[in-house]
Amino acid sequence: MSLFESVERSHLDAAKPLAARMRPRSLDEFVGQGHVVGDGAVLRRMIEADRLGSVILVGPPGCGKTSLARVIANSTSSRFAPLNAAAVGVKEIRVELNAARDRLAADGEKTVLFVDELHRFNKAQQDVLLPDIEEGVVTLVGATTANPHFALVGPLLSRSTLLELRPIPDDAMRSLLKRALADEERGLGGRNASIDDDALAFLVGVADGDARRGLTGLEVAVLSLAGPGRERVEPPTTIHVTLSVAEESVQRRALNYDGTGDEHYNVASAFIKSMRGSDPDATVYWMALMLEAGDDPRFVARRIVICAAEDVGLADPQALVVAQAAASAVEFVGMPEGRIILSQAALYVATAPKSNACYKAIDAALADVRQNGPLPVPRHLLDKNSTTAKVGGKEPYRYAHDYPGGWVAQDYLVEPRTFWEPTGRDPAGPAG
């Protein structure tokens, strides 16, 4: 590398945001993904045994998919060739594959082909990758936030190992931000900066498992206090990041809300009881508070699904359909757009007619089973191939569809029981 190239490289590195500069350089520097890269974990074993095949990294934004792909390339002495599936077509894919084949043939150099947002490739684009993956010309590392079983073709899945990356836990995020604040080579260590505990906790909460978001918030907070320029100040001035500075840096107010303690469950309880009580305004307010405070949208979606079955039930069976569709849609779309989907589902459930007859029926039946044990199956309901039915014959079963209205009187329990007690808002069948 020439002097000019070295200077140019240093300028480019200096221009990188903190999140890019703090990318882990080895498996040991990774935080929050011990189940994948920790001692004895599957990916580390694959790399150490030199048996790494193509992998699909599945996980939310900011959990380290791109960084892990770079580390894989470094750990296997491979060329790192990145593509973004949203910006390339078959032509660009073939260019990278041909270049990888040439390097392998000429120098024996392996290539890690990293495809970000892999789910955006259509079937034809995914199929282009298959021959070179099969032949070992490239090691594919694909990154996706979507469900790979829906977004990727079967042949690509069968040739790859699926690795799920998780949102970075709060303790790991806190360690990462502290390390970035102290690191003089790549981080903010030359700024002589400190941060209050409540400000650090706020940035960790705002990050919500996304390292990029947390590091960006920290960088804005420190640099906004350092004044113009990125150069180090000599003698160093003291930079003190308070909670108010952290709030300004991400344009978001800290909420007095403990996402894991009593307040979390109090707000969740208020949310559920507001839906049950048919108050749409309170419903959407408590949901907004949970989302703004960093609660997992999936937690909110689960509460809506439960309320649709427990408190609406057969008074409006469509409520459960809407709630379940919303839960799936939030997984597919993600946030922040997912807030609209959750709002639609929560307001539907809140304004639907209410009945807890299904909830009471199953609990009453469970209590009967636990207290009295199982009842025998009536002989006319036995499976025709069962031993019991063959011994001593089987009483005739009346097929309901052979009778007017699709219903006929016959016993379905050997002893009468009443579990379902419909309200005036529940539908009642011919036998009701």
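Hydrogens, waters and symmetry mates play no part in the numbers below; they use all other heavy atoms, side chains included.
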_Heavy-atom closest contact (V408 atom, A400 atom, distance)_ = CG1-CA, 4.2 Å
*Is there a side-chain contact between F121 and V88, using heavy atoms and a 4.5 Å cut-off?*
yes
_L140 backbone acceptor or donor facing S54 side chain under 3.5 Å_ = yes
*Are R213 and E219 ion-paired here, with the side-chain N under 4.0 Å from a carboxylate O?*
no
*Does D170 come within less than 4.0 Å of R174, counting only side-chain N to carboxylate O?*
no
_Taking atom CZ as the centre, does F150 end up with more than 12 heavy-atom neighbours from other residues, nucleotides or ligands that are less than 6.0 angstrom away?_
no
*Please list, chain by chain and in numerical order, all residues satisfying side chain to side chain contact (heavy atoms under 4.5 Å, CB included) with Q318, sequence neighbours excluded.*
D316, V321, V322, Y348
_Main-chain N/O of M46 paired to R51 side chain as donor or acceptor, under 3.5 Å_ = no
*Check whether any side-chain heavy atom of V330 lies under 4.5 Å from a side-chain heavy atom of E337, and answer yes or no.*
no
*Can you check whether A199's main-chain N or O pairs, donor with acceptor, with D196's side chain at less than 3.5 Å?*
no
*Neighbour count >12 (heavy atoms, 6.0 Å) for atom OH, Y285*: no
*Shortest non-hydrogen contact from V241 to A221?*
CG1-CB, 3.9 Å
*For atom CD of Q344, is the number of surrounding heavy atoms from other residues, nucleotides or ligands below 6.0 Å larger than 12?*
no
*Cationic N near anionic O, under 4.0 Å, D28 to R44*: yes
*Check each of L18, I239, I195, L177 against L188 using the side chain to side chain contact (heavy atoms under 4.5 Å, CB included) test, and report the only one that passes.*
L18
_Listed partners of D210 passing side-chain hydrogen bond (donor to acceptor under 3.5 Å, both in side chains), at least two apart_ = none
*Take L57 and V36, measure what side-chain contact (heavy atoms from CB on, under 4.5 Å) needs, and give me the verdict at the end.*
CA-CA 10 Å; L57 305 176; V36 171; 5.8 Å; no
*Is the backbone of V222 close enough, under 3.5 Å, to the side chain of S224 for a donor and an acceptor to pair up by distance?*
no
*Which heavy atom of E92 sits nearest a heavy atom of G89, and at what distance?*
OE1-N, 2.8 Å
*Do the side chains of P148 and L157 get nearer than 4.5 Å, heavy atoms only?*
yes
*Are any non-hydrogen side-chain atoms of L223 and R191 less than 4.5 angstrom apart?*
yes
*Over 12 non-hydrogen atoms of neighbours within 6.0 angstrom of CG in N372*: yes
*Evaluate whether atom CZ of F332 has more than 12 neighbouring non-hydrogen atoms of other residues, nucleotides or ligands under 6.0 angstrom away.*
no
*May I ask you to test the F271-V267 pair for a side-chain heavy-atom distance under 4.5 Å?*
no
*Can you tell if the side chain of K65 reaches within under 4.5 Å of the side chain of L165, non-hydrogen atoms only?*
yes
*asked:* Please identify which of these residues, I304, D311, V305, meets the side chain to side chain contact (heavy atoms under 4.5 Å, CB included) condition with V349.
replied: I304
*Evaluate the criterion side-chain contact (heavy atoms from CB on, under 4.5 Å) for residue pair N74 and R25; output intermediate values, then yes/no.*
CA-CA 8 Å; N74 292 337; R25 295 168 294 189; 5.6 Å; no
_I need the full list of side-chain hydrogen bond (donor to acceptor under 3.5 Å, both in side chains) pairs touching residues 138-147, with sequence neighbours left out, sorted by first then second residue._
H119-T144
*Before accepting this row, confirm whether a basic side-chain N of the pair R166/E164 lies closer than 4.0 Å to the acidic partner's carboxylate O.*
no
*With a 4.0 Å cut-off, would you call R23 and E29 a salt bridge?*
no
_Apply side-chain contact (heavy atoms from CB on, under 4.5 Å) to residues L152 and I56 and explain how you reach the verdict._
CA-CA 10 Å; L152 306 182; I56 306 298; 4.0 Å; yes
_Among D132, L97, V141, the one residue meeting side chain to side chain contact (heavy atoms under 4.5 Å, CB included) with L113_ = L97
*Quick one: is the NZ or CZ of R417 closer than 6.0 Å to the six-membered ring centre of F419, and within 45° of its axis?*
no
_If you define the side chain from C-beta out and look only at heavy atoms, does anything of N122 sit under 4.5 Å from Q126?_
no
*Do R303 and M287 have side chains that get closer than 4.5 Å, going by heavy atoms?*
no
_Backbone N/O of A409 and side chain of R398: donor-acceptor pair under 3.5 Å_ = yes
*Report yes or no: do H380 and D411 form a side-chain donor-acceptor pair below 3.5 Å?*
no
_Test item: R425 side-chain N/O and K354 main-chain N/O as donor-acceptor pair under 3.5 Å_ = yes
*asked:* Any salt bridge linking R120 with E117? Criterion: basic side-chain nitrogen under 4.0 Å from a carboxylate oxygen.
replied: yes
_Could you check whether K360 pairs with E421 (Lys NZ or Arg NE/NH1/NH2 to Asp/Glu carboxylate O, under 4.0 Å)?_
no
